[in-house]
Amino acid sequence: MADTASLLIELEEAVAKGNPESCLRALWHATDVLIARTYSEDQIWTFGEIIGRLAQEIETTARARLAGKLASSTNAPYQLARKFASDDCIEVAWPILKQSERLDTETLIACARTKSQQHLLAISKRRSVPESVTDVLVVRGSNEVVSSVAANSGANFSSSGFLHLVRRSEGDSILAESVGLRKDIPRHLFHQLIAKASEEVRQKLERERPDIGPQIHQVVVDVTGAIHARFGPASKDYFAAKRTVAKLHERGELTEDKVFEFAHSLKFNETAVALSLLCQLPIDIVERALIEKDREPILILAKSLEFSWPSTMVLLFLGAPSYKITAGDLERLMLDFYRLDVKTCRGVLAVYRSRKNAPGNGPFQRASAMRL
């Protein structure tokens with residue numbers, strides 16, 4: 001501690017009295033000492049203040065060298081890490097944005113929103129990228145940035161982030177492949193991705209992920225491009241959702257309000273599992289009902305559970321392409337919903353349960369014939 005205090009005093013004197021050459025020597029000496037030992041956060045802050053003052057007048061090449069030294073150090077002063085990350089010169093910003101663990105999420109978000117595509121590319125290659133940062137990258141980033149972050153196993157994506165990835169992968173086989181290989185992609189978005197992917201992409205996914213080969217074959221696209229899927233990749237998110245919802249069901253807490261909450265929060269897995277348990281239907285059938293182009297199945301499910309129209313409406317939006325439904329279609333669906341009879345809808349489900357193992361049966365094929 002005494003040695004450190006003495007060193008800091010000497011550095012302060014170098015800043016106050018030294019010429020440019022001696023200040024530069026002091027800069028590299030201070031940096032080497034900082035990254036070679038263990039210090040308290042207060043000491044690191046003091047080093048940062050001194051190094052920052054020593055580095056005020058150095059050239060770009062020297063700033064880039066300094067950033068490179070600090071990028072891999074757990075002693076990098078927070079204030080310097082933020083300053084270098086925001087530097088317009090990519091040679092300075094790159095090592096910090098890509099590597100430094102001393103950068104806070106707010107700085108990463110700010111850089112992702114305002115800096116160049118090269119800055120965004122550096123962020124996309126970090127060992128870990130939080131959802132709040134990838135949310136910006138997938139919207140603002142170039143194709144190179146988006147492909148890079150999609151291929152980064154340490155990147156985390158929100159439901160919205162994954163939706164943007166799927167949208168941007170249309171016509172981009174490289175991106176589609178990277179997105180399809182992610183084990184954390186939500187099941188319903190995997191369905192959409194595979195439905196729109198080229199045969200070449202599907203074959204590559206089957207070669208690189210043999211475990212999802214059979215699942216890819218179970219994705220069927222009709223003539224209008226609507227998705228009819230039985231299974232998507234068994235993601236960690238799905239199994240976590242299954243456990244959570246099952247516990248709610250066991251405790252008698254799986255209510256209409258809870259399903260509304262899941263759907264409104266765009267939690268597809270939780271919503272599908274909840275409906276599966278409440279309706280006593282296989283999960284794959286519920287998933288298909290949610291994303292069918294024909295929305296009648298989800299109306300029947302909701303009516304059989306005596307859900308209100310607002311709850312039914314949020315289920316419809318959850319399964320709609322890009323979560324959008326035109327006003328005209330929504331009005332038509334509302335009229336159809338109110339025309340349905342609870343007893344009849346429950347009869348539809350009962351008939352389906354008794355026939356679910358019969359070949360060629362799609363979701364609620366007899367539904368129309370049984371409506372009042």
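Heads up: numbering here begins at 1 and tracks the sequence. What you see is a predicted model; the values in this text were computed from it and never measured.
By the 4.5 Å heavy-atom criterion applied to side chains, His164 and Phe157 are not counted as neighbours. Side-chain contact check for Val146 versus Leu137: every heavy-atom pair is 4.5 Å or farther apart. Residues Phe268 and Pro186 have side chains not in contact (no heavy-atom distance under 4.5 Å, counting atoms from C-beta outward).
With hydrogens and angles ignored, the 3.5 Å screen pairs a side-chain donor or acceptor of Thr271 with a backbone N or O of Ala263. In terms of modelled atom types and a separation under 3.5 Å, the side chain of Gln117 and the main chain of Ser142 share a donor-acceptor contact. When atom types are taken as modelled, the side chain of Arg127 and the backbone of Gly154 share no donor-acceptor pair closer than 3.5 angstrom. Using modelled atom types, no side-chain atom of Asn75 and backbone atom of Ala36 make a donor-acceptor pair closer than 3.5 Å. In this structure, Ser147 contributes its side chain and Leu175 its backbone to no donor-acceptor pair below 3.5 Å. Checked by atom type and distance alone, the side chain of Ser311 never pairs as donor or acceptor with a backbone atom of Phe307 at under 3.5 Å. Side-chain atoms of Ser169 come within 3.5 Å of backbone atoms of Val166 as a donor-acceptor pair (strictly under, hydrogens ignored). Thr344 places no side-chain N or O within donor-acceptor distance of the main-chain N or O of Leu340, the cut-off being under 3.5 Å. Listed for the His119 side chain is a donor-acceptor partner under 3.5 Å among the backbone atoms of Asp87. Distance alone, capped at 3.5 Å, places no donor-acceptor pair between the Ser86 side chain and the Lys83 backbone.
Salt bridge status for Asp329 with Arg295: absent, with no side-chain N to carboxylate O gap under 4.0 Å. Remark: Asp172 does not engage Arg168 in a salt bridge, criterion side-chain N to carboxylate O under 4.0 Å. With respect to Asp184 and Arg182, a salt bridge is recorded, a charged nitrogen being found less than 4.0 Å from a carboxylate O. Residues Lys303 and Asp341 are not paired through a salt bridge, judged by the lack of any N-O separation under 4.0 Å between the basic side chain and the carboxylate. Ion pairing of Glu41 with Arg102 is present here, as a side-chain N (NZ or NE/NH1/NH2) and a carboxylate O approach within less than 4.0 Å. Using a 4.0 Å cut-off between charged side-chain N and carboxylate O, Arg346 and Glu306 make a salt bridge.
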Where do Tyr323 and Phe317 land on the ring pair (Phe, Tyr, Trp, His ring centres under 6.0 Å) test, with the steps shown first?
CA-CA 5 Å; Tyr323 308 120; Phe317 276 107; 9.2 Å; no
Could you please spell out the steps behind the side chain to side chain contact (heavy atoms under 4.5 Å, CB included) verdict for Ile109 and Asp135?
CA-CA 9 Å; Ile109 293 173; Asp135 278 349; over 6 Å; no
Would you sort out whether Ser304 and Val342 count as a side chain to side chain contact (heavy atoms under 4.5 Å, CB included), showing the intermediate values?
CA-CA 5 Å; Ser304 72; Val342 173; 5.8 Å; no
What do the steps show when you test Asn156 against Val129 for side chain to side chain contact (heavy atoms under 4.5 Å, CB included), and what is the final call?
CA-CA 6 Å; Asn156 298 284; Val129 191; 6.0 Å; no
Residues Ile50, Leu54; criterion side chain to side chain contact (heavy atoms under 4.5 Å, CB included); working and verdict:
CA-CA 6 Å; Ile50 295 170; Leu54 288 168; 3.9 Å; yes
Residues 245-252, side-chain donor-acceptor partners within the protein, below 3.5 Å, at least two apart:
from: Arg251; atom 1: NE; to: Glu253; atom 2: OE1; distance (Å): 3.3
from: Arg251; atom 1: NE; to: Glu253; atom 2: OE2; distance (Å): 3.3
from: Arg251; atom 1: NH2; to: Glu253; atom 2: OE1; distance (Å): 3.3

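When all heavy atoms of Ala302 and Phe337 are compared, the pair lying nearest together is CB-CE1, 4.3 Å. When every heavy atom of Ala112 is checked against every heavy atom of Ile123, the shortest pair comes out as N-CD1, 4.0 Å. Pairing each heavy atom of Val286 with each of Ala272, the nearest pair is CG1-O, 3.6 Å. Considering every non-hydrogen atom in both Val145 and Ser124, the closest pair reads O-CB, 3.9 Å. The shortest non-hydrogen separation linking Ala64 to Val92 is N-CG2, 3.8 Å. Scanning all heavy atoms of the two residues, the minimum distance from Ala155 to Thr134 falls at CB-CG2, 4.2 Å.
One hydrophobic cluster, built from ILVMFWY side chains closer than 4.5 Å, holds both Leu181 and Val149. Cluster membership for Ile35 and Tyr78, using ILVMFWY side-chain heavy atoms within less than 4.5 angstrom, is not shared. Residues Leu315 and Trp309 fall within the same hydrophobic cluster, defined by Ile, Leu, Val, Met, Phe, Trp and Tyr side chains chained together at heavy-atom separations under 4.5 Å. Both Tyr39 and Leu66 are members of a single hydrophobic cluster when ILVMFWY side chains are connected at heavy-atom separations under 4.5 Å. Transitive grouping of hydrophobic side chains (ILVMFWY, heavy atoms separated by less than 4.5 Å) brings Ile325 and Leu189 into a common cluster.
Note that CD1 of Ile285 and CD of Glu292 are 9.5 Å apart. Values are rounded to the nearest 0.5 Å. Remark: Trp94 CH2 to Cys89 SG distance equals 12.5 Å, nearest 0.5 Å. To the nearest 0.5 angstrom, Leu277 atom CG is 8.5 Å from Lys242 atom NZ. To the nearest 0.5 Å, the span separating CD1 on Ile291 from CG on Leu318 amounts to 10.0 Å. Atom NZ in Lys115 sits 10.0 Å away from atom CD1 in Ile90 (nearest 0.5 Å). Within the model, atoms CG of Leu275 and CD1 of Ile298 stand 5.5 Å from one another, a figure rounded to the nearest 0.5 Å.
Other residues, nucleotides and ligands contribute only 12 or fewer heavy atoms inside 6.0 Å of the NE2 atom of His264. The environment of Glu170 atom CD is dense: over 12 non-hydrogen atoms of other residues, nucleotides or ligands sit within 6.0 angstrom.
With hydrogens and angles left out, the side-chain atoms of Glu91 and Thr60 include no donor and acceptor closer than 3.5 Å.
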